Structure formats: structure tokens, C-alpha cells
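As the structure lists them, so they are numbered: ligands from 1, and atoms in each ligand from 1. Everything numeric here is computed off the predicted structure, so don't read it as measured data.
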Amino acid sequence: MGLLLKGGLVVDPAQDLEAERDLLIENGRVARLAGTGTIPAAGHEVQDCRGLVVCPGFIDLHVHLREPGQEYKETIASGGQAAAAGGFTAVACMPNTQPVNDNAAVTRFILEKAASARQVRVYPVAAISQGSEGKILAEYGELKAAGAAALSDDGRPVSNAQLMRRALEYAHTFDLLVISHAEDLELTGHGVMHEGLVSVQLGLRGIPAAAETVAVFRDCELARLTGARLHIAHVSAAGTVEIIRQFKAQGAPISAETAPHYFTLTHEAVQGYDTNAKMNPPLRTEADVAAIKQGLADGTLDCIATDHAPHSVLEKDLEFDQAANGIIGLETAVGLSLQLVATGVLTLPQLVAKLSTNPARLLGVPGGILREGAPADITVLDLHRPWTVDVAAFKSKSRNCPFHGWQLPGRAVLTVVGGEVVWKL
Ligand code: DOR
Ligand code: ZN
């Protein structure tokens, strides 16, 4: 028996398709995609998708699952549930676990846990350097053979430019994407929020936008030098968008992501010393938010990723200076991103490209397209189902979310991975 998604608006930018279709799933794959009413329902389970949007499954290429080592914040299973509930069919998980995912044993452990959780697909991102300490490169061949999908020292920058050059050269030989957490730690100093009017008002030490832009410029130059594929993580600053735009125009092999909080919030959210507005890079100004929206609209920013960064109250319920960086994002990302469509920043196909087509292409993983024969990884959206964010209802183990109580325009109502329903509202 197959699963027939009937009458939905199929939005698949990889096929330049935006039309009402029936979609039949059999044996974990897209068996047929055809005009509404043309696939006989007999013998199949039918899901009425009229009025809904059927998309290739969303892929979040930047999450922190915290396992191994910090299972009190999140596990691969709980993070997988949060992903499914948020409309994601796959996530790429960053290596800053304990121990760091810098060797094949950790990569395999993550994949085994993910397989037994049977939720979403999990693609481990392995470390660029041993222990992510920025000193000695990890063994990329071994990591790729174990299942690593990309490389990053996320959470920390690779401060040594020569090591970053060698990392890009080495990664290039294995065609592994290098994801850069671009930050100049000297410019960050002891800063805890964006350096500007609000940091002065609050008496908190600031992080200038230049802490990001100078590091982004360096890495873009190194991508051009080496020809290796470089991906800039969590773009927060207008200057970064402009640098990436220029390098891309010159043909450099660069891609980039931003996160929903960077196009939704400004440093004003820190007023009241709310540690749920503390993350790295920090929330910035109205002008930065506008530039990020422009970068999304004109294609400078290829992907929307969550940087889902779970922390417990032990790390967050502290003085602002002392609190951990990061917010969870898997269960609010789609709702926040739909605001971009509602306000005309992005078309629906553009949004689906940033949540599915582009991350699939950059990671080189299955998915991102709903053609016949492709894996049945599918996200079904209801664009007109307003809901109120309630952190108590989250599947994530953590609650560090600045959007509690927000009203969002729509959400994922069905998430299908390999033909299996992993979430249904
Ligand atoms: O805010 C952040 N949290 N930024 C990072 O780069 C790391 C992340 C985390 O692991 O908590
Ligand atoms: Zn990072």
C-alpha cells in the first residue's frame, strides 16, 4: 500500500514546478507525480493535501544535537523529533560535541544513534581540526569514509590562516564542503552582544560586525586561492552579505547561510538582558536585518539554517555575561521563514530552494527534489495556519527560544522521511 498525497500545491524549484499534483509514495520513494485526480486512490492510504503545499523535504545544514556528551541539552533522538516536528527531513549536525566529532568512531556513533532513532536523516559534520583546536588537521579521508558529510570547527573559528588554507586544499581532494564559523576572536574579545547603541545602553561589552567580516573576507580569499568549496555559516552582518556577493560575482566557489533570528530580530531583543537573545554571532541592527533579507532575495545567501543550539537553564539562567551562546530553532524556523513569503521578501519557490534544494546540493546528499524515483522525503506546509509558539510544547529537550508567545503564520503539518510519516499535526 502506498501513501497518496492528493491535490497539494507541489512546489519543487529543482524541477521548476509550482502546480497542483497528486504524489504517490511507494517503497520509500516518489513513485508517481501526476495531475490531480489522475492517480487511482484504490489500495492506497490517502492524505488530502488540498490547500496545502507539498515540498521536497527541508534540510537544515546547521544544528547542534549535543550527543555524545551533553545529552541533558539534546540527544540525537530528541533533536530528531524536534526536526521532524519543525518540518525537517534531514539535519547536518555540528561536531562540537564531547568528544568532538574529529574521528571515525564518533561519526559512526552519531550515524548509529540516528539510525536507531528512526526519525530524520542525520548527516554528521566532522571537525576541520583535531579537537576543533585549530592546530592539527583531522583525517578527512577516514571521516568521509565513516559518513561525514562536511567539515567545520563550528563554535570556534580556524584562526590560523595557513591551517585554513591546508584544510581547504585537503577537503577539496575529497570534495567535502568546508563550513566556516568566521570570527576574529581578537575583535570579539570579551564581547557578549553586538557593539552599538544597545550595548552601550546596557553596559555590556560589544562585538563589532568587523569580527565577522574580516574573517569572512579571509576565508573567501582562501576559497578563491584553493578552488575549494567554502560555506559561510550563520551570516549576521550587512558587510558579510556584501563580501559574499562580490566574491560570488567573481566566480569564487562560495555559498552561505543565515538563520531565522538574523532576519527576524535585532540587538534590541537583548533589552532586559534576555539571555535567549544571546548567540554567536550576535543579533545586529535594522540595517543588517535589511541587508540579510536583500541577500536572501538576490541569492547571495543560499540557505536558511537554524543553528539550533540547545542549552539548559543551567547555562542560560545566568547573568548575561556568563550565559551560553545560542538558541534552539528547529521548531520555529519554518514559521519564521514563512514570514518572509508573507511579507514579499521571498517567493515560495525561493524559500523552498533555501530550505531544501540548495542544502541538498551543497551537502551532496539525496533529497531536494520530488521527481519520480527520488527518496520520498517530503515536507507539507499549511501557509494559513496561524499558531502561537509555546516552548513547553517543544520536542526539543531545551527551551532557550526567544520566540515564546509569538504568533506565526503557518507551519509544517506533515513530515515524511523515506516514505515514513515522522510527524503529523
Ligand atoms: O550561538 C552559538 N551557539 N554559536 C555557535 O557558534 C555555537 C553554538 C553552540 O554550540 O551552542
Ligand atoms: Zn558557529
Side-chain angles (χ1 to χ4, degrees), residues 60-76 79 82 91-102 110 124-129 131-134 150-159 164 177-185 188 191-194 207 211-213 215-216 219 230-237 240 256-262 264-265 267 269-270 274-284 303-316 318 320-330 333 396-402:
D60 184 349
L61 77 177
H62 192 145
V63 308
H64 298 270
L65 293 181
R66 306 299 190 208
E67 187 177 4
Q70 294 185 310
E71 290 83 355
Y72 67 101
K73 299 186 185 194
E74 197 77 286
T75 62
I76 291 163
V91 298
C93 58
M94 289 296 163
N96 63 339
T97 47
Q98 292 171 2
V100 169
N101 180 16
D102 63 1
I110 293 166
V125 178
I128 292 172
S129 65
S132 286
E133 287 176 349
L151 299 165
S152 182
D153 275 354
D154 184 58
R156 304 164 76 170
V158 176
S159 294
M164 190 62 166
L177 185 71
V178 175
I179 302 174
S180 169
H181 171 116
E183 178 182 11
D184 183 303
L185 290 178
T188 296
V192 293
M193 68 173 293
H194 176 66
I207 304 170
E212 179 172 302
T213 54
V216 167
D219 283 351
L230 173 79
H231 179 82
I232 305 293
H234 42 54
V235 170
S236 74
T240 300
E257 79 198 23
T258 190
H261 38 283
Y262 298 120
T264 307
L265 298 173
H267 57 166
V270 181
D274 180 1
T275 62
N276 283 331
K278 183 177 179 186
M279 68 280 293
N280 187 24
L283 299 170
R284 301 197 189 272
C303 304
I304 296 171
T306 62
D307 198 0
H308 179 81
H311 291 293
S312 79
V313 288
L314 296 172
E315 293 90 19
K316 277 297 198 183
L318 297 171
F320 199 86
D321 272 329
Q322 305 298 319
N325 278 309
I327 61 167
I328 53 173
L330 283 168
S396 170
K397 275 197 179 184
S398 289
R399 298 285 174 264
N400 51 315
C401 167

Quick one: side-chain hydrogen bond (donor to acceptor under 3.5 Å, both in side chains) partners of H311, sequence neighbours excluded? R66, K73
Quick one: look at I327 and ligand 1, take heavy-atom pairs under 4.0 Å, and tell me if it's side chain, backbone, both or neither. neither
Under the 3.5 angstrom rule, does the side chain of T258 hit a backbone N or O of V235 as a donor-acceptor pair? yes
For P260, is there any backbone N or O sitting under 3.5 Å from a side-chain donor or acceptor partner on T264? yes
Nearest non-hydrogen protein atom, atom 7 (C) of ligand 1: G155 CA, 3.8 Å
For atom 5 (C) of ligand 1, what's the nearest protein heavy atom and its distance? N280 O, 3.6 Å
Just checking, any donor-acceptor pair under 3.5 angstrom between side chains of H181 and D153? no
of all protein heavy atoms, closest to atom 6 (O) of ligand 1 is H181 CE1, 3.1 Å
Donor-acceptor pair, T275 side chain versus K316 backbone, under 3.5 Å? yes
Do any N or O atoms from the side chain of E257 and from the backbone of H234 form a donor-acceptor pair under 3.5 angstrom? yes
Closer than 2.8 Å to the Zn ion (ligand 2) - protein N, O or S atoms, ordered by chain and residue number: D154 OD1, H181 ND1, H234 NE2
Taking N400 for its side chain and A309 for its backbone only, find out whether a donor-acceptor pair lies under 3.5 Å. yes
How far is atom 10 (O) of ligand 1 from the closest protein heavy atom, and which atom is that? N96 ND2, 2.9 Å
Test log, rule side-chain hydrogen bond (donor to acceptor under 3.5 Å, both in side chains), inputs H308 and E74: CA-CA 10 Å; H308 179 81; E74 197 77 286; 2.8 Å; yes
Which residue owns the protein heavy atom closest to atom 3 (N) of ligand 1, what's the atom, and how far is it? N325 O, 3.2 Å
K397 to Y72 six-membered ring, cation-pi geometry met (6.0 Å, 45°): no
Proximity of H64 to ligand 1 by residue part, where a heavy atom lies under 4.0 Å: side chain
Whether S152 side chain and I179 backbone form a donor-acceptor pair below 3.5 Å: yes
For S236, which of H194, R284, H261 qualifies under side-chain hydrogen bond (donor to acceptor under 3.5 Å, both in side chains)? R284
Determine whether the side chain, the backbone, both or neither of H311 has a heavy atom under 4.0 Å from any heavy atom of ligand 1. side chain
Which ligand 1 atoms are under 4.0 Å away from a heavy-atom of G326? 1 (O), 2 (C), 3 (N)
Element-labelled atoms of ligand 1 that are located less than 4.0 Å from some non-hydrogen atom of M279: 1 (O)
Quick one: look at R66 and ligand 1, take heavy-atom pairs under 4.0 Å, and tell me if it's side chain, backbone, both or neither. side chain
